[in-house]
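Structure first, then comments.
All values below were derived from every heavy atom in this structure, side-chain atoms included, with hydrogens, water molecules and symmetry-related copies excluded. Ligands are counted one by one from 1 in listed order, and the atoms in each one are counted from 1 as well.
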Amino acid sequence: MGWLLGGCDFDEMSNIPKELRESLALEHIARPIEIAEELKSRDGSVKYLYKLFDGNVIEGVYMPHDYGNTLCVSTQVGCRMGCEFCASGIGGLVRNLTPGEILGQFVAVNRHLGGSMSDRKLSNIVLMGSGEPLDNFDNVVKFIKLVSDPNGLNVGRRSISLSTCGIVENIRRLADLGLDVTLSLSLHATLDEYRRKLMPIANKYSVTETVEAARYYFKKTGRRVIFEYSMVKGVNMSFSDARRLSELTKGMAAHVNLIMLNKVEGKKVEGCTALEAERFCEKLVSLGVSATIRRSMGADIAGACGQLRRKRLDL
Ligand code: SAH
């Protein structure tokens, strides 16, 4: 297990008899995914394009921070959520990733950075790459259990953030499992009418129901919930939005993470200026909301969800 979680191939497992290594290699794949391409940003972040055994490609981002190094992992090839501003959903869902393929991203990058199972070079994980984690529930839960196993990679559950567009039943299921990961909810709007314009999932669940599920998650786990809010010019940045956001997030430990929209080719949604973002953030703070603007990384390396994969598919 140490060899596998360290990202080694069978022929590197030097304390295992040669015949056993050879027969293992015939029947199993030691490394279900491989790094196919690496793009380094000036800001220190790195975008990885991985190749899966069936030829599909997925991507991920490594982000160094003062508090530790974070890896953003994908949970599906493509995505069927179809959010208006996101590149990952453009071609729809291709398939779910297996627990091994999600774990494989962590293992591959950790090894690439010179780490092993016991000497990790990555401390935090965000499930914010391509795909909707709660649309691949069982495999994602299995991944979380595997990566946090104290006898294995031992990544603290509190160092893992799961970001969802808000599949309400599954937020509740996750809460009931008591995994203790941080829940990030992509809210992006405070009114159903506007949320529907940005996210098809809003046709299925109302803002009220969605936030209620987040509150349930907080009550069950005691974990502060992060609300992701991509600022869209003329759609979700009014004073009334700020007021509604402060009302919605009352009664639970919450933080609003404001996101500057990354422009995706072919998408009409328009982001805002840094100044407008700061004003909106100040409004929220003046209403007593804990809010910050997310530091954007990797703009020069197609850092946002699905952008690099799309570029490669176009070739
Ligand atoms: N499916 C999950 C996780 C993947 S996306 C989810 O919806 O939360 C991670 C975050 O990036 C989400 O908040 C998503 O809405 C946001 N996002 C997607 N495309 C973006 C873009 N072009 N610019 C800014 N944020 C984007």
Is a donor on one side and an acceptor on the other found under 3.5 Å between the side chain of Asn170 and the backbone of Asp135?
no

Is there a donor-acceptor contact under 3.5 Å from the side chain of Ser148 to the main chain of Ile144?
yes

Given Ser184, Ser88, Ala87, Ser186, identify the one with the heavy atom nearest to atom 8 (O) of ligand 1.
Ser186

Quick one: does ligand 1 sit under 4.0 Å from the side chain of [X], the backbone, both or neither, non-hydrogen atoms only?
{"X": "Thr164", "value": "backbone"}
{"X": "Leu261", "value": "both"}
{"X": "Asn262", "value": "both"}
{"X": "Glu132", "value": "both"}
{"X": "Ser230", "value": "side chain"}
{"X": "His188", "value": "side chain"}

Give the atoms of ligand 1, by number and element, whose distance to some non-hydrogen atom of [X] is under 4.0 Å.
{"X": "Cys165", "result": "6 (C), 7 (O), 8 (O)"}
{"X": "Val264", "result": "22 (N)"}
{"X": "Glu228", "result": "10 (C), 12 (C), 13 (O)"}
{"X": "Cys86", "result": "18 (C), 19 (N)"}
{"X": "Gly129", "result": "4 (C)"}

Looking only at distance, does Phe85 have an N or O less than 3.5 Å from an N or O of ligand 1?
yes

Under 3.5 Å, N or O to N or O, is Gly131 touching ligand 1 that way?
yes

Assess Arg21 against Phe10: is NZ or CZ under 6.0 Å from the centre of the six-membered ring, and within 45 degrees of the ring's axis?
no

Is it the case that Arg223 places NZ or CZ above or below the six-membered ring of Tyr217, under 6.0 angstrom from the centre and within 45 degrees of the axis?
no

Between His112 and Tyr48, what is the ring plane arrangement, given parallel below 30°, perpendicular above 60°, and tilted in between?
perpendicular

Answer yes if the side chains of [X] and [Y] hold a donor-acceptor pair under 3.5 Å, and no otherwise.
{"X": "Asn110", "Y": "Tyr62", "answer": "no"}
{"X": "Glu59", "Y": "Ser74", "answer": "no"}
{"X": "Thr190", "Y": "Asp241", "answer": "yes"}
{"X": "Asp9", "Y": "Trp3", "answer": "no"}

